[in-house]
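Chain identifiers are assigned alphabetically (A, B, ...) following the order of the sequence lines, protein sequences preceding nucleic acid strands; residue numbering begins at 1 within each chain. Quick note: numbers below take in every heavy atom, side chains included, and nothing from hydrogens, waters or symmetry partners.
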There are 2 protein chains.
Amino acid sequence: MAIKERKEREKQDMRNLIIESATQLFLKHGYDKTSIRNIAEDIEYSPATIYLYFKDKDEIFYVIHENAFDLLVKLFREHDTISNPYERLGAIGRTYINFAFENPDYYDLMFIMRAPLSQIKHEERWNAGECAFGYVLDTLTQCLDQNLIRPADKYITAVSVWSFVHGLVSLYIRERMCILEMPDDVVRDIVNASFENFLQSLKT
Amino acid sequence: MAIKERKEREKQDMRNLIIESATQLFLKHGYDKTSIRNIAEDIEYSPATIYLYFKDKDEIFYVIHENAFDLLVKLFREHDTISNPYERLGAIGRTYINFAFENPDYYDLMFIMRAPLSQIKHEERWNAGECAFGYVLDTLTQCLDQNLIRPADKYITAVSVWSFVHGLVSLYIRERMCILEMPDDVVRDIVNASFENFLQSLKT
DNA sequence: TACATTTGCTAAACACTGTTTAGTATATTC
DNA sequence: GAATATACTAAACAGTGTTTAGCAAATGTA
């Protein structure tokens with residue numbers, strides 16, 4: 001009975017079609033203007049059809065959020081070849097900040113928005129987040145083991161590093177860096193310099 | 001012609017009534033459930049009346065956002081008596097984190113949400129934000145002048161301190177600290193410990 | 001006081017939003 | 001070929017922010 005398999009395939013194709021359209025609209029026009037009706041019109045189906053493939057709007061954005069994490073972790077993994085964990089930590093941080101600057105909407109969805117949260121709670125674990133955080137935690141553990149950074153609790157250090165870079169880029173993305181009253185490129189330079197400065201301060 | 005003055009007074013009273021109702025609804029049920037219609041019903045006027053006193057919903061939340069800043073700055077000012085700027089910096093940081101924990105909705109509106117931004121752009125300056133940031137900047141400048149913290153650019157240090165605490169509390173408020181898979185009070189302890197650790201690392 | 005004007009307010013509508021329901025064609029199975 | 005299951009949609013529901021047109025009462029002028 002190959003029909004069942006074909007139907008399963010078609011179901012996945014339809015889900016992909018919806019996600020592709022939603023992602024495109026999201027990156028082009030932002031979250032608010034990516035309505036179910038807009039997606040429906042884009043893929044030339046009725047709005048009700050989308051609810052046959054996704055429970056609600058949040059589930060669609062949970063999938064987009066997961067795809068964005070795949071992209072970030074892929075970028076992280078490119079630093080696997082850096083053997084010195086302290087050097088690797090720096091590279092990861094720079095990649096993280098760069099990712100946020102180049103994909104502000106993705107970053108927003110991953111680390112700021114409440115949209116994918118209902119799904120995360122439903123699954124009881126934030127798999128995508130754990131994967132990325134785990135990568136930093138591993139690198140940090142190696143730094144501590146090799147005495148490359150000042151000794152401190154592993155989790156406190158990890159939370160500190162993550163909070164620092166998240167603070168920098170989220171204040172930038174949600175337009176609070178405007179208090180500096182400096183041009184955009186100068187603000188970015190300050191963000192980058194702040195990270196380098198912080199990284200130095202971690203050193204033994 | 002005292003009528004004109006009375007009318008002006010009545011106009012302000014109505015604005016206050018709307019803000020009070022909106023604030024109460026916002027703190028009780030959150031931003032999304034604070035609709036113009038809900039506010040209108042609460043104050044027993046029609047929804048259209050609200051638009052005679054405020055340009056749009058964003059303007060209402062801009063005023064609430066300003067009031068929240070007044071509250072935070074007032075808390076900051078309580079540390080004016082601490083003569084040692086490094087000690088004062090620590091006290092400000094603890095107050096900031098505490099404020100975020102105790103008033104997450106206010107914090108969200110002040111530093112995360114996009115809602116009051118259109119108004120901020122309209123005024124071309126983020127007065128409320130500048131006031132709070134300026135207070136930190138002053139304290140930090142004194143720390144640098146008195147050689148109490150490691151020498152670095154004033155703005156880079158200010159952005160670093162602010163980003164660090166904002167990162168901590170915004171990850172907590174927007175529920176990303178769930179990756180730690182620890183109870184809420186433990187997470188708060190980690191946040192507090194991370195700040196104390198960071199504060200230490202600033203020392204000369 | 002009598003009329004004209006301004007002010008304060010609202011009912012209703014407009015253009016959206018996410019989501020659900022009931023019903024209709026088409027595809028599949030027996 | 002008839003019965004069943006699947007895929008899809010039109011329309012509605014309940015909500016959102018915001019605008020428009022009109023009405024009644026307060027105010028200004030004669």
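As rounded to whole Å, 17 Å separates atom P of C:dA27 from atom NZ of A:Lys11. Protein atom CG of B:Asp13 is 15 Å distant from nucleotide atom C1' of C:dG8, rounded to whole Å. Rounded to a whole Å, the CZ atom of A:Phe61 is 11 Å from the P atom of C:dT19. Between the CZ atom of B:Arg15 and the P atom of C:dG8 there is a distance of 14 Å, rounded to whole Å. One atom, CD of A:Glu10, and another, P of C:dA27, lie 11 Å apart when rounded to the nearest Å. Atom NZ in A:Lys57 sits about 16 Å away from atom P in D:dT16, given to the nearest Å. Atom CD in B:Glu41 sits roughly 11 Å away from atom P in D:dG15 (whole-Å rounding). Rounded to a whole Å, the CD atom of A:Glu8 is 15 Å from the P atom of C:dT28.
Here A:Phe111 and A:Phe69 bring their ring centres to under 6.0 angstrom of each other. Annotation: B:Phe195 is not in aromatic contact with B:Tyr96 [ring centroid separation under 6.0 Å not met]. Aromatic ring centres of B:Phe61 and B:Tyr31: separated by under 6.0 Å.
Annotation: the span from B:Ile39 atom CD1 to B:Thr23 atom OG1 amounts to 9.0 Å, rounded to 0.5 Å. Atom OG of residue A:Ser21 and atom CG of residue A:Asn16 lie 12.5 Å apart, to the nearest 0.5 angstrom.
The stretch residues 44-54 of chain B touches DNA chain D through B:Ala48, B:Tyr51, each having a heavy atom under 4.0 angstrom from the strand. A heavy atom closer than 4.0 Å to some atom of DNA chain C occurs in A:Thr34, A:Ser35, A:Ile36, these being the qualifying members of residues 28-36 of chain A.
With DNA chain D read from its 5' end, the first of the two nearest nucleotides for B:Lys7 and B:Lys55 is the one closest to B:Lys55.
Contact between the side-chain N/O atoms of A:Asn38 and the OP1/OP2 oxygens of C:dC16 is not found at any separation under 4.0 Å.
Salt bridge annotation for B:Arg174-B:Asp108: present, with a cationic side-chain nitrogen under 4.0 angstrom from a carboxylate oxygen. By the 4.0 Å N-to-carboxylate-O rule, B:Asp184 lies close enough to B:Arg188 to be salt-bridged with it.
Put simply, the side chain of B:Arg37 and the base of D:dG15 share no donor and acceptor less than 3.5 Å apart.
Using a 4.0 Å heavy-atom cutoff across all strands shown, A:Asp58 reaches no nucleic acid atom at all.
Residue pairs meeting the salt bridge (charged side-chain N to carboxylate O under 4.0 Å, His left out) criterion with at least one partner in residues 63-81 of chain B, sequence neighbours excluded, are B:Arg77-B:Asp80.
In this structure, A:Arg88 contributes its side chain and A:Thr139 its backbone to no donor-acceptor pair below 3.5 Å.
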